[in-house]
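Notes follow the structure.
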Amino acid sequence: MSFLIITVGLSQVNAQEVSLSDFKDYLVAQQVTQQPFEQVIQGSEKLEGLFTIYHNKESGKVYLELKPEQLNQNFLSFATLESGIGEEGIVSGTNLRDLLFQFRSVENKIQVVVPNINFRTEENDPQTRSINRSFSESVLQTLPILGIHPERKTILIEISDLLNSQSDLPGLMIEFSEFLNNKYAIDPSKSYISQIQTFPENVEIESVFGFSLGQYGEARSIPSLPDNRTFNLKVRYSLLAVPVNNDYRPRLADERVGYFTTTYKDLSGRTDRSSIVRYINRWNLQKQDPNAALSPPIKPIKFWIENTVPLEYREGIREGILFWNKAFEQAGFLNAIQVEQMPDNAPWNPADVRYNTIRWSTSFKSSFNGYGPSHTNPFTGEILDADIIIESSALRSLQEGAGVFLDSNSAMSSEGDDNNNSSLTTVNQPCPIGLYAYSQMKKSQAEKSNIAEEFCFRSAFNEQLMIGTTALSLLENIMPNSPKMEAYIQQYLRLLISHEIGHTLGLRHNFQGSTLLSPEELNNPEITQTKGLVSSVMDYLPVNLAPQGTPQGDYFPTQIGPYDQWAIEYGYKPIASTTPEGEWQALQDIAKRATQPELAYATDEDFWGVFLDPATNTRDLSNDMLKYSQWQLDNSVEMWKRLESYTPRDGEGYDKMRKMFDTIFDYYSSQAINLTLYIGGQSFNRTRAGEGDHRLPFEPISIKKQRDALKLLQTYVFTDKIFKFSPNLLNQLAPARWSDWANPDQNSYLDYPITRRISWFQRYILHELFASTRLFRLRDLELKTTANNALTLPELFETVQNGIWSEISVNNGTIEISSIRRSLQREHLEILSEMVLRKITVPEDAETLAWYELQQLNQQLETTLKRQKDKMNAYTLAHLEQTHDRIQKILEAEVQSN
């Protein structure tokens, strides 16, 4: 099927509608207003290729010679940040903006236009006449015609300001708005085009954007800059023509298989299918021998390892890339992916769009370990180029045994007063994973939510890395520079590379990729090295830590999983057809296998802000997260015990003890949050009617699992027993005291606020349990579940209250409530009071139950105080007396109206 791409507001002289000779006559007629062509370019270096460019290095001017046939032709611009500042998310390799653009002649000027290709029609469809009136295109800039060549009839324009000015073509002020806006501005006097290379198929231009502190900007501390008032960012533009008339055939997407997509609305769409057309993004792979079951491709996907990558990591990177050839063999290709080493004396630049490279980045504070963007043809979804950035600081920090994902007191230092619930919006995790925390982040950072989500995905890996090195040190006595630690790092590196390669092949995240094996199978090499540790490396996978008493298996996957192989089969298996529609039935035969458990798929939109399915998670492993999380909670407790007897090496600071303690605490918190996901949870799958095992899209989590999760929370969270650390350990948790830019701890607490840290954690989990969204889901599940199979709101309220206030149910003997338990009880009282006083939005039944539970609690307090008042210490007596008084006032208070 052929489509006519509608462009809005066609130019006065349109090369698609007017003959080339007529257009040349038009150009000649305009020459009277132009300067002589040769005069304009005098003193410039001529560079010939896709475009002929003249670079005058003295004036900084860059001219482009535009052929008449290049007007109204589609070109692509891929803009990448070639150099950054090493922190604040501004790091080299960041993909900035991909643009489809045309040069248009309008009123004796040249406009740079982004056509609107989101709406298309079949050729000769009469609707094409109406589209110009309906949808706008975007004009980026209008450039004067500086000269016309008297013989070639070519047009000369200047593109310096387009590529390097306050017009900000790459969108730096948008991409890095959180850091730049109201502080820094592009300074034209410090900006210039530094390098131009032209080739027959592409043009590579490097442009330096100078930034200066604005009039009202505040010079904040930026350790990676020598002077906070100014810095440079280098942008690489790759310009190329949109491929036409090649043998690539777009492939239609299926939502059960996770690919990035190229999407448009077909206004000629028939009623038997959706008017929204989605093509998967993939490379153009074709067999050398179409009749062979297994054939090398005509043009393999080749990745080059940049010559900046340290020697010790090159083989691990190579192996991680080649993991994917197993999947391509299932699709019928032999050696579909190849890896080459970039020579030290290579004459080409690794940023050149003609080369796919694995690049090495060195940042001060990076928000990612690996980053794998790709560039596509926006008409078809064909991947044209891909580069993977590996951040060196993650691997270097592992070798040094330093924390890379959280400054040791970042969350505590922003925690605020114990009674300030807003502190819970600053989660003591790399990411606010949970219904309550996410809702609070959305409220406070609505305009930044996408940035926050991306940062959280990237930092999830780092948390797992550090708990792995901590576990190796404490549980297995492995030294930082030992062969076992090196093997651990290499395993991680192979996973990281294979994950990012998956993205460059077109694959999205699969956050159910970790659910392949049972907990008992995770450390059995006979299973993990044949079937695989996980079903997909496109998950953010935690380190596999064996429970105590079980021999340790692989820490990370050593191969891609069955989902990965299936997804590549869907995207790349050759299918005999001449159109995307003709492939559809064969693709359905592949996609309908999605009901198999090992092919389960859930991606970003199933995870963020939903937190519905416990298996759609970035910190889980195995098909039984309750058991897995309990094992990891026990591992954390054991690591704390081992830390009690850990002794820093001679001359080593105690800040390492503090980082290790915090690393364990963060991991412990993650596993506790995993448990909350079961309460009110539902399994979700992308099933289709009439296929597979006839599963419905939603399946409520069983009441047994929800009750088990509540019991585990009572045992591991709402307790003071686990957190009774020795004074000897707590008095070793000192921060590094260097007062300079290289120390992230310089503004942290000097002492370790252990009570606040524990209380904060417990409060966070308590807020998660009573998150408004979770309460509404529990109410709904009573209608979505058969009788007596739903965890009801009354059971949740009663179970939590009985566990948190268990001390006052003791009928005789001394009652002593610890400071940890008192803090937890106050927070529980606060949550119930907010419901009763309608300060938060919850189901009406939850409000009623909160009132009822407060009544019950008040009666228990009154009875306990009468019977055992003289058997309490001062802390406990004052706490219970005040609680009784507060409840009385809450129950008598006027209710606020929502």
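We're numbering straight along the sequence, starting at 1. Predicted, not measured: the structure shown is a model, and the values here were computed from it.
A cation-pi arrangement is absent between R619 and Y540 under the rule of less than 6.0 angstrom and at most 45 degrees off the ring axis.
Rounded to the nearest 0.5 Å, atoms NZ (K627) and CD (E520) are 4.0 Å apart. Atoms CD and CZ, from E699 and F684 in turn, are 11.5 Å apart once rounded to the nearest 0.5 Å. Between atom CG of residue D870 and atom CD of residue Q868 there is a gap of 8.5 Å, rounded to the nearest 0.5 Å. In this structure, E816 CD and T876 OG1 are separated by 6.0 Å, a value rounded to the nearest 0.5 Å. In this structure, the separation between CG on L729 and CD1 on I754 is 8.0 Å, given to the nearest 0.5 Å. The OG atom of S636 sits 14.5 Å away from the CH2 atom of W631 when rounded to the nearest 0.5 Å.
Evaluated for a side-chain hydrogen bond (donor to acceptor under 3.5 Å, both in side chains) with H879, the options R822, Q825, H884 yield exactly one hit, Q825.
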Verdict with reasoning, D666 to T663, per side chain to side chain donor-acceptor pair (under 3.5 Å) | CA-CA 5 Å; D666 292 330; T663 296; 5.6 Å; no
List the steps, then state whether salt bridge (Lys or Arg N to Asp or Glu O under 4.0 Å) holds for R737 with D655.
-> CA-CA 9 Å; R737 300 313 290 167; D655 57 301; over 6 Å; no
What do the steps show when you test L474 against E638 for side-chain contact (heavy atoms from CB on, under 4.5 Å), and what is the final call?
-> CA-CA 9 Å; L474 294 177; E638 182 62 28; over 6 Å; no
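Of the possible polar contacts, none joining the T785 side chain to the E782 backbone as a donor-acceptor pair under 3.5 Å is found. Remark: side-chain polar atoms of S823 are not paired, donor with acceptor, to backbone N or O of S819 under 3.5 angstrom. Between the side chain of D634 and the backbone N or O of Q548 there is no donor-acceptor pair closer than 3.5 Å. A donor-acceptor pair under 3.5 Å is absent between the side-chain atoms of E768 and the main chain of I673, judged by distance alone. Counting only distance, with no hydrogens or angles, the side chain of Y668 and the backbone of Y716 share a donor-acceptor pair below 3.5 Å. A donor-acceptor pair under 3.5 Å is absent between the side-chain atoms of S629 and the main chain of L675, judged by distance alone. In this structure, S645 contributes its side chain and R642 its backbone to a donor-acceptor pair below 3.5 Å. A side-chain donor-acceptor contact under 3.5 Å links S833 to the backbone of L829. No donor-acceptor pair closer than 3.5 Å links the side chain of T515 to the backbone N or O of S622.
Below 30°, between 30° and 60°, or above 60°: for F665 and W640 the angle between ring planes is above 60°, a perpendicular geometry. Using the six-membered ring where Trp is involved, F607 and F511 have ring planes that are tilted, between 30° and 60° apart.
Salt bridge R707/E795: present, at least one basic N to carboxylate O contact under 4.0 Å.
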Distance-only donor-acceptor pairs under 3.5 Å for side chains of residues 848-856, two or more places apart:
residue	atom	partner	partner atom	Å
T848	OG1	E844	O	3.1
E853	OE1	Q801	NE2	3.1

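Annotation: salt bridge (charged side-chain N to carboxylate O under 4.0 Å, His left out) contacts involving residues 875-885, sequence neighbours excluded, comprise K869-E881, D885-K889.
By the ring-ring contact (aromatic ring centres under 6.0 Å, His included) test, F797 is found to be paired with F770, residues two or more places apart in sequence or in another chain being considered.
Considering every non-hydrogen atom in both R777 and V610, the closest pair reads NH2-O, 2.5 Å.
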